[in-house]
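Scope of the values below: all heavy atoms of this structure, side chains included, with no hydrogens, waters or symmetry mates. Here the structure is a predicted model, which means the values were calculated and not measured. Atoms within a ligand are numbered from 1 in the order they appear, just like the ligands themselves.
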Amino acid sequence: MSLTDFQVFDTDLSTEALEQYLKSDAIAVDTETMGLLPQRDRLCLVQLCNAEGQVSVLRILRGQTAAPNLKQLLEQTSTVKIFHFARFDLATLRYHLDIQVNPFFCTKIASKLARTYSPKHGLKDVVLELEQVELDKSAQSSDWGNAANLSEQQLRYAANDVRYLPSLRLKLIEMLKREERWELAQSCFQCLPTIVQLDLLQYPNIFEH
Ligand code: MN
């Protein structure tokens, strides 16, 4: 795979790319940040991929507080946004770009409900089992802050994190329906925005004893 497999944008999607993605009924989304705390760690990249495998990588600037085209896509109700561990991405997109992602699908929640025979629900594990592809996660913990000069390895890693999600979603929905767990999965997705809100308000786990 080469760099030509995806487009890189600065600060927001182009109108042309937005129009293209708005036609999709499902879009994969991932983010790369400086760390795990939205209040401390800035958002550096947002990656998108449709079912046709068209990947876009958006570079977000330090201090940037809006991306109107991205917001339009992520809030469009006719397009399901697919994440792996949506809890984090929803929080960082809401905190930094004021985006209320809706509707969405989380492949990690779906995997935990569908693949109860396995303790492994990392993206690498799920992609290996359901897509028979070995993901290279070696750039996972890297400096995403230098977005203007990302290495080819970083860009390839960022693109690969969204590439398999549309297919994973379809396979997981099939498994969830087969095991009669699809409605439970949908209930879990429905309550996630509340959990994200609690995370952003820095409440501890209020459901614990
Ligand atoms: Mn990622």
Side-chain angles (χ1 to χ4, degrees), residues 1-3 5-13 17 21 24 26-38 40-51 53-62 64 67 70 73-74 80-97 99 101 104-112 120-131 133-169 171-172 189 192 196 199-200:
M1 193 177 70
S2 73
L3 280 176
D5 290 6
F6 52 89
Q7 269 189 291
V8 179
F9 296 96
D10 284 311
T11 72
D12 201 358
L13 278 175
Y21 283 128
S24 302
I27 294 271
V29 189
D30 186 32
T31 62
E32 304 302 336
T33 66
M34 286 301 287
L36 297 178
L37 299 174
R40 182 191 66 189
D41 301 317
R42 69 188 178 95
L43 172 61
C44 303
L45 290 188
V46 178
Q47 307 99 276
L48 304 169
C49 182
N50 61 14
Q54 294 173 299
V55 174
S56 294
V57 177
L58 276 66
R59 295 194 278 225
I60 307 298
L61 299 178
R62 175 190 300 281
Q64 183 179 336
L70 179 68
L73 176 65
L74 298 191
V80 179
K81 273 62 68 172
I82 313 160
F83 298 87
H84 191 78
F85 197 53
R87 182 174 176 175
F88 176 75
D89 301 289
L90 259 49
T92 201
L93 287 165
R94 187 190 294 196
Y95 185 82
H96 293 287
L97 298 176
I99 294 173
V101 179
F104 63 88
F105 182 101
C106 177
T107 52
K108 189 163 200 170
I109 291 173
S111 173
K112 285 185 171 181
K120 293 183 171 183
H121 303 282
L123 182 61
K124 190 179 167 68
D125 304 300
V126 186
V127 168
L128 181 61
E129 184 187 300
L130 299 184
E131 303 293 322
V133 170
E134 189 138 9
L135 278 185
D136 176 9
K137 295 294 269 182
S138 55
Q140 182 166 30
S141 304
S142 68
D143 177 12
W144 297 104
N146 187 16
N149 296 298
L150 293 176
S151 66
E152 177 163 351
Q153 190 211 12
Q154 282 180 302
L155 285 170
R156 208 181 312 116
Y157 163 81
N160 272 341
D161 261 5
V162 281
R163 219 177 273 283
Y164 302 99
L165 296 181
S167 168
L168 276 189
R169 168 176 166 261
K171 287 175 179 164
L172 287 164
F189 301 154
L192 195 58
V196 168
D199 286 346
L200 285 174

Participant: Considering only residues two or more places apart or on different chains, which pairs with a residue in residues 133-153 satisfy ring pair (Phe, Tyr, Trp, His ring centres under 6.0 Å)?
Facilitator: Trp144-Tyr157

Participant: Taking atom NZ of Lys137 as the centre, report whether more than 12 heavy atoms of other residues, nucleotides or ligands fall under 6.0 Å from it.
Facilitator: yes

Participant: Under 2.8 Å from the Mn ion (ligand 1), how many protein N, O or S atoms can be found?
Facilitator: 3

Participant: Any side-chain donor-acceptor pair under 3.5 Å between Ser142 and Glu32?
Facilitator: no

Participant: Evaluate side-chain contact (heavy atoms from CB on, under 4.5 Å) for Leu135 paired with Tyr164, printing each intermediate quantity in order.
Facilitator: CA-CA 10 Å; Leu135 278 185; Tyr164 302 99; 3.6 Å; yes

Participant: Of all heavy-atom pairs between Pro166 and Ile82, which one has the smallest distance, and what is that distance?
Facilitator: CA-CD1, 3.7 Å

Participant: Go through Leu123 and Leu168 one step at a time and tell me if the side-chain contact (heavy atoms from CB on, under 4.5 Å) criterion holds.
Facilitator: CA-CA 10 Å; Leu123 182 61; Leu168 276 189; 4.0 Å; yes

